[in-house]
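Note that ligands are numbered from 1 as they come in the structure, with each ligand's atoms numbered from 1 the same way. This chain uses plain numbering: 1 for the first residue, then up along the sequence.
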Amino acid sequence: MSHSVVHEANNCEKRPTPEEFFKRQPEPGFIKSIDEYHEMYKKSIEDPEEFWAPLAKDLISWDKPFEQVTSGDLKTGNVGWFLNGELNACYNCVDRWAFSTPDKPAIICENDDEAQSHVLTYKELLYEVCKVSQILDDWGVKKGDTVAIYMPMNSQAIIAMLAVARIGAIHSVIFAGFSSGSIKDRVNNASCKALITCDEGKRGGKTINIKKLCDDALDNCPTVEKVLVYKRTGNPEIFMKEGRDYFWDEEAKNFSGYIPPVSVNSEDPLFLLYTSGSTGTPKGVVHTTAGYLLGAAMTTKYIFDIHAQDILFTAGDVGWITGHTYALYGPLSLGVTSVVFEGTPAYPDYGRLWAIVEKHAVTHFYIAPTALRLLRKAGEDQIDKYNLSSLRTLGSVGEPISPDIWEWFNERIGKDQCHIADTYWQTESGSHFIAPIAGVIPNKPGSASLPFFGIDTCLIDPVSGKEIEGNDVEGVLAIKSTWPSMARSVWKNHTKYMDTYLNPYPGYYFTGDGAARDNDGYYWIRGRVDDVVNVSGHRLSTAEIEAVLIEFHNVSESAVVGISDDLTGQAIVAYVALKETEGVNIEDLRKTLILQVRKEIGPFAAPKSIIIVPDLPKTRSGKIMRRILRKISSYEADQLGDITTLANPQSVEGIIECFSQQFVAKK
Ligand code: PRX
């Protein structure tokens, strides 16, 4: 990336939060002005101890007060926050509200089939969580043990997570779109002692064989002793292995009452969440208890402007970090109501999300641009059927939101009366990095704006490794400070943590994203600079997909690249070279390879197009030049630059030809 000047359009006018936003606030906002934000931000960077200590005392309930605010740094990677404090995340999210506001809804669960939707008050949530905690406790699951959760997005998934946290164990939620191969890898990497799942899932009117996928994985998961199965559909045909599998409702019959939360150290892990990186194996990102919880609570409160009576609807899945932080830990740690949605935006029709907003008078709605693109394309006429006037803050997450989708969100959903928060962050950050604080930071459509408290953002020149000063510049985005909710490690592989995040630019946390900083200091996220692609807001590793393709006996080499796509943001194109072409039916082969990816990783990772090529472009040291493939796939073959340094420059012509013949831009 060069020091090119930021695109003209980015240096546009700032747009303040609309007046109507303030009229809809139940009470004045927490930050009064942009000057106050700047002052608080400055203090958070210059004096983190003084800044965070009172907030941690205010927002978290401690079993034992912490003795030191922070320790360690980005050079050594031995980061700690709120040292020697003790707390329980579940107590913070459930018990204290069950005592103070027992009848307030904690979770409003909108099921795929609306008739099955239900509400859990804080008191009921405590009861349900304790039941599962007791089962796990009876099974001998202890503080520090890992428990996998493979559940669709519903109230039982939240109950399961909280139940694990309550007994001081570590949850590892596996997105319910992952295949059995991916479940197996994640369960084994984390040596999970138990698994919590359900019989079947319901999504978009379809039934998903959740338990079957687990069974296939569990054949090769020696550490899993017990499996707890929630009867979501109650299908009597479900296979249950004796001595291993137990039904949730039957086990809960023995429930004897309240199960006390187990105090853990601030730095004890709360959860693992596997995410894709540049290498083939997914990383178990480790989040610890106190810092993560504070980051979740702080950002939910300040960025979204959440007050006690607000209703937050995070339309993300609990299998990803968005569901962890903004469907569970953020809202519940503040004692507010979280709407959880099991289904899809398209079922029973494209009005479902808006129906949910109207039904529950949702004040805060948080979603990925990919869903907005779909809704704009397919569901425009559904919007006006519903009253959306309860909305105050609209959030966007997971991928860049283009200015035209931003405007659409603002006008069609927000009716020009809401604050729009484009929130930039990652699994590893735990909570928002950069986002416009509602009612405080004016917007520029397409920019995530300014960093949150404690996030010392900077841009680095990837060639010199030096920081780029000033405004109107581009580089790779890095963070200069540690922050409370930062991931502390990669499970069982701290070296990988160091090599991925902290060693690329010593003294900095490397985000993996490129960004620009405009004349106003606003950040514009440009996308990943590593081998990670973002398809419909799902973060995928090209190396992981390549590893699956290469498993096929007739594939000699493969290279996967991301191309831009109108609907899914990015889409995957896989280039494949074969060992033997004689007698091969190319169409069948393509189908087989796509099926293999769906089976090994999950349907969301399937390539949009597979291009069979005679050879892949390589450097003299044998490295595949994905840059060239990216250009060819983006119809920029005339801008390949110097290819004479390749070991096989003659391969390029053939690849261009294969691409033009084989690329199918299927929608
Ligand atoms: O590339 C950035 C993109 O998503 C990546 C993080 O993905 P994941 O860990 O799955 O977390 C997604 C939910 C936070 C980032 O490195 N990304 C996330 N939010 C934005 C974004 N890109 C641009 N704008 C955003 N608001």
- Can you say whether the rings of Tyr326 and Trp425 are parallel (under 30°), tilted (30 to 60°) or perpendicular (over 60°)? perpendicular
- Ser429 versus Tyr424, side-chain donor and acceptor atoms under 3.5 Å: no
- Query: Would you say the side-chain atoms of Trp524 and Asp518 include a donor-acceptor pair closer than 3.5 Å?
  - Reply: yes
- Message: Side chains of Thr427 and Tyr274: any donor to acceptor distance under 3.5 Å?
- Response: no
- Task: Return the set of residues passing salt bridge (charged side-chain N to carboxylate O under 4.0 Å, His left out) with Glu411 (not counting sequence neighbours), or none when no residue passes.
- Result: none
For ligand 1, which of its N or O atoms have a protein N or O partner closer than 3.5 Å, and how long is each gap?
from: ligand 1; atom 1: 1 (O); to: Asp513; atom 2: OD1; distance (Å): 2.6
from: ligand 1; atom 1: 1 (O); to: Asp513; atom 2: OD2; distance (Å): 3.4
from: ligand 1; atom 1: 4 (O); to: Gly398; atom 2: O; distance (Å): 3.3
from: ligand 1; atom 1: 9 (O); to: Thr427; atom 2: N; distance (Å): 2.8
from: ligand 1; atom 1: 9 (O); to: Thr427; atom 2: OG1; distance (Å): 2.6
from: ligand 1; atom 1: 9 (O); to: Arg539; atom 2: NH1; distance (Å): 2.6
from: ligand 1; atom 1: 16 (O); to: Gln426; atom 2: NE2; distance (Å): 3.0
from: ligand 1; atom 1: 16 (O); to: Asp513; atom 2: OD2; distance (Å): 2.5
from: ligand 1; atom 1: 16 (O); to: Arg528; atom 2: NH1; distance (Å): 2.7
from: ligand 1; atom 1: 17 (N); to: Gly398; atom 2: O; distance (Å): 3.3
from: ligand 1; atom 1: 19 (N); to: Gly398; atom 2: N; distance (Å): 3.2
from: ligand 1; atom 1: 24 (N); to: Glu399; atom 2: O; distance (Å): 3.4
from: ligand 1; atom 1: 26 (N); to: Asp422; atom 2: OD1; distance (Å): 2.8
from: ligand 1; atom 1: 26 (N); to: Thr423; atom 2: O; distance (Å): 2.8

- Item | Interatomic spacing from OG in Ser402 to CD in Glu407 - rounded to 0.5 Å | 10.0 Å
